[in-house]
Amino acid sequence: MAATLAASRSLRNLLIRRVMAPTPQGLSLSLCPMSSTAQDEASTAAPRETPDHSYESLQVTVPQKHILHVQLNRPEKRNAMNRAFWREMVECFNKIAQDPDCRAVVISGAGKLFTAGVDLTEIASEILQPRGDDVARISWYLRSLISRYQETFSVIEKCPKPVIAAIHGACIGGGVDLITACDIRYCAQDAFFQVKEVDVGLAADVGTLQRLPKVIGNQSLVNELAFTSRKMMADEALSSGLVSRVFPDKVGTLDAAFTLAAEISTKSPVAVQSTKINLVYSRNHSVAEGLNYMATWNMSMLQTQDIVKSVQAAMDKQELKNVTFSKL
């Protein structure tokens with residue numbers, strides 16, 4: 001063990017000296033666009049089932065190494081969010097968070113649209129006929145219910161693996177709650193988004209009102225969407241920052257999402273997951289608090305061998321997809 005550590009330190013010191021030295025001609029450590037190889041691998045991948053993920057409302061497959069594809073899988077019901085969905089999303093993403101093989105996740109909807117939102121036919125009784133024999137007990141029950149539903153989407157945000165939403169068709173009500181908890185959003189040209197809750201007599205209560213203002217940074221627009229429940233079409237979603245790219249159709253959107261996930265999965269999982277955790281933390285804290293958290297976080301993460309491997313790959317002009325990073 002001592003010999004291994006000594007060798008590791010020697011290699012690290014060698015790399016530090018090489019990094020600090022003048023950059024050799026022709027060597028660049030700058031960020032590069034997605035490689036054609038990563039794009040080809042993403043588009044030709046054959047998905048396989050995941051035995052650890054068996055659900056009623058979701059389908060989870062492995063389109064390629066290190067990537068999971070989570071599909072809302074009730075196409076005959078327009079992927080409406082039934083009781084099983086609210087429970088299974090939490091179970092699914094808690095497993096993903098602990099999955100050492102997973103480095104990126106793509107979420108999409110099966111069938112003709114992403115989701116029609118909450119399945120009111122299934123959960124209306126819980127809301128309209130809550131348990132309890134007085135105001136205090138009914139209120140306590142409803143608060144517990146809402147908190148459980150909030151966790152269905154918060155679990156996506158808490159998951160350290162980057163989550164990419166690939167949206168097509170309608171993304172209504174709870175769908176907006178879901179995608180605003182994701183890290184990256186791509187959509188098809190036919191996609192539209194609707195904060196629908198005011199049309200059914202309630203305020204959105206599982207994430208949209210809290211996350212959407214931070215996602216698009218325009219409180220006036222958020223207020224307009226939330227007060228009126230009007231549709232936001234794909235082009236407006238792009239210009240407002242709700243999505244980062246728009247593609248011609250569902251197939252193109254999914255291909256792009258898998259290509260992006262493939263590119264992310266070639267990076268050090270320590271680096272990527274640390275980045276997500278600190279981005280989420282900094283969003284809700286001051287700059288000073290975020291910097292302090294980052295310093296505390298990286299005082300251990302900077303000791304990872306992934307830095308040595310990544311820098312060595314750059315020095316050798318080797319693509320990161322050919323570097324073997326340990327599971328995390």
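Sequential numbering from 1 along the given sequence is applied to the chain's residues.
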> Can you tell me if T253 uses its side chain to pair, donor with acceptor, with the backbone of A188 under 3.5 Å?
Replying inline: yes
> Between K276 and D183, is there a donor-acceptor pair closer than 3.5 Å when you use the side chain of the first and the backbone of the second?
Replying inline: no
> What about H168 and F247, are their ring centers closer than 6.0 Å?
Replying inline: no
> Taking side chain as C-beta onward, heavy atoms only, is H53 less than 4.5 Å from I96?
Replying inline: yes
> Are L320 and K267 close enough that some pair of their side-chain heavy atoms sits under 4.5 Å apart?
Replying inline: yes
> Thinking salt bridges, do D119 and R74 make one under a 4.0 Å N-O criterion?
Replying inline: yes
> So, do V163 and I107 sit near enough that their side-chain heavy atoms are less than 4.5 Å apart?
Replying inline: yes
> Can you find a pair of side-chain heavy atoms, one from D101 and one from K327, that are under 4.5 Å apart?
Replying inline: yes
> Taking it one step at a time, do E157 and R211 satisfy salt bridge (charged side-chain N to carboxylate O under 4.0 Å, His left out)?
Replying inline: CA-CA 11 Å; E157 194 170 73; R211 294 189 177 99; 2.9 Å; yes
> Any donor and acceptor pair, going by atom type alone, linking the side chain of S154 with main-chain N or O of E151 inside 3.5 Å?
Replying inline: no
> In terms of ring plane angle, is the pair H285 and Y281 parallel, tilted or perpendicular, where the classes change at 30° and 60°?
Replying inline: parallel
> Would a 4.5 Å heavy-atom cut-off, applied to side chains only, mark V70 and V105 as touching?
Replying inline: yes
>> Tell me the closest heavy-atom pair linking L225 and M232, and the distance in Å.
In response: CD1-CE, 3.5 Å
